[in-house]
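Reviewing the structure listed below.
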Amino acid sequence: MKPGYCDRLTRGFYTRDVLDVAPDLLGKVLSVRLPDDTVVRSAITEVEAYRGDGDLACHASKGRTDRTEVMFHEGGKVYIYLIYGIHWMLNVVTSTEDVPQAVLIRGVEQCYGPGRVSRFFSVDRSYYGEDLTLSPRIWIADGDKPSQIKTGCRIGIDYAGDYWKSRPWRFFV
DNA sequence: TCAGTGATTAGG
DNA sequence: CTAATCACTGAG
């Protein structure tokens, strides 16, 4: 077994509600195998939860489109999209089929900022839909649960209105 | 503080 | 087809 396979998180971790999965992702180790076979790893330090069709901050609240399609799939897949023409936003799909939810990875130990995270791991559009429980090039490994978890409001979603903007769905170490 | 950058989306 | 929007970053 190659490193990363033995402690890889399995389906059951992801097929729970996003508000349970998001804080549980803190301390877990995001891992990417590059084309040259080196593996980049870093523990997750900050995430945000986006929860289904009611959450106006969630892309899936506008319905099923080519971009949001994977959020309607069973948890454990990658949802990644380009923002401002420059930055890739890496998300983990959670919950069960037809319940669109995702967790945005905002920070890892090596760097902070969702755009920087994707650059650090060299992930882009080609990772859209990749299955974290099966993929040979991206997975999440078990890691130490942080002793303390903080919460706050999600960032950059002014368009979603006061109610959704004020949900404390950002989790960080 | 603010421009850059291009995929995605709704609307004609 | 067009135009607006955008879960951000880095330079000034």
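Keep in mind the model is a prediction, meaning the values are calculated, not measured. Naming convention: chains lettered A, B, ... in sequence-line order (proteins, then strands); numbering from 1 in each chain.
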**Message:** What is the distance, to the nearest angstrom, from the CG atom on Leu56(A) to the P atom on dT9(B)?
**Reply:** 17 Å

**Message:** Need one value for Arg119(A): base, sugar-phosphate or nothing, where a base atom within 4.0 Å counts as base even if backbone is also close, heavy atoms only.
**Reply:** sugar-phosphate

**Request:** May I have the distance from Arg51(A) (atom CZ) to dA7(C) (atom C1'), rounded to whole angstrom?
**Result:** 18 Å

**Residue that, paired with Arg16(A), satisfies side-chain hydrogen bond (donor to acceptor under 3.5 Å, both in side chains) out of Asp24(A), Thr94(A), Thr96(A)** = Asp24(A)

**Asked** With a 4.0 Å cut-off on heavy atoms, is Ile157(A) in touch with a base, just the backbone sugar-phosphate, or nothing at all?
**Response** sugar-phosphate

**Message:** Nearest whole Å is fine: how far is dC8(C) C1' from Phe120(A) CZ?
**Reply:** 19 Å

**Selected nucleotide, minimal atom distance to Tyr159(A) side chain, candidates dC8(C), dG4(B), dC6(C)** = dC6(C)

**Asked** Do the side-chain N or O atoms of Tyr81(A) get closer than 4.0 angstrom to the phosphate oxygens (OP1, OP2) of dG6(B)?
**Response** no

**Prompt:** Given atom CD1 of Ile86(A) and atom P of dA11(C), what is their separation to the nearest angstrom?
**Reply:** 12 Å

**Fill in**
Whole-Å distance, Leu82(A) CG to dT8(B) C1', equals 10 Å

**Message:** Can you tell me the base-pairing partner of dG4(B)? Count Watson-Crick or G-U wobble geometry only, both distances below 3.5 Å, and say none if there is no partner.
**Reply:** dC8(C)

**Prompt:** Gln101(A) CD to dA7(C) C1': how many Å, rounded?
**Reply:** 16 Å

**Prompt:** OP1 or OP2 of dA7(C) sitting under 4.0 Å from any side-chain N/O of Arg170(A)?
**Reply:** no

**Asked** Mapping Lys62(A) and Ile83(A) to their closest nucleotides on DNA chain B, which lands nearer the 5' end?
**Response** Ile83(A)

**Prompt:** In whole Å, what is the span from the CD atom of Glu69(A) to the C1' atom of dA7(B)?
**Reply:** 17 Å

**Message:** Quick check for you: among dT9(B), dT8(B), dA7(C), whose closest atom lies nearest to any side-chain atom of Arg125(A)?
**Reply:** dT8(B)

**Request:** Look at the side-chain N and O atoms of His87(A) and state whether any lies under 4.0 Å from the OP1 or OP2 oxygen of dT5(B).
**Result:** no

**Asked** Just checking, is any N or O donor in the side chain of Ser42(A) or Glu109(A) under 3.5 Å from an acceptor N or O on the other one?
**Response** no

**Message:** It should be established whether Arg67(A) places a side-chain nitrogen or oxygen under 4.0 Å from OP1 or OP2 of nucleotide dT5(C).
**Reply:** no

**Message:** Can you confirm if the NZ or CZ of Arg137(A) lies within 45° of the ring axis of Tyr127(A) and under 6.0 Å from the centre of its six-membered ring?
**Reply:** yes

**Message:** Without decimals, in angstroms, what is the distance between Arg154(A) CZ and dA7(C) P?
**Reply:** 11 Å

**Heavy-atom pair with the smallest gap, counting every atom of Leu104(A) and Tyr50(A)** = CB-CE1, 4.1 Å

**Prompt:** For Arg116(A) and Ile155(A), take the nucleotide of DNA chain C holding the closest heavy atom to each; which residue's nucleotide lies nearer the 5' end?
**Reply:** Ile155(A)

**Asked** For Tyr14(A), is the NZ or CZ atom of Arg11(A) found under 6.0 angstrom from the centre of its six-membered ring and inside 45 degrees of the ring axis?
**Response** no

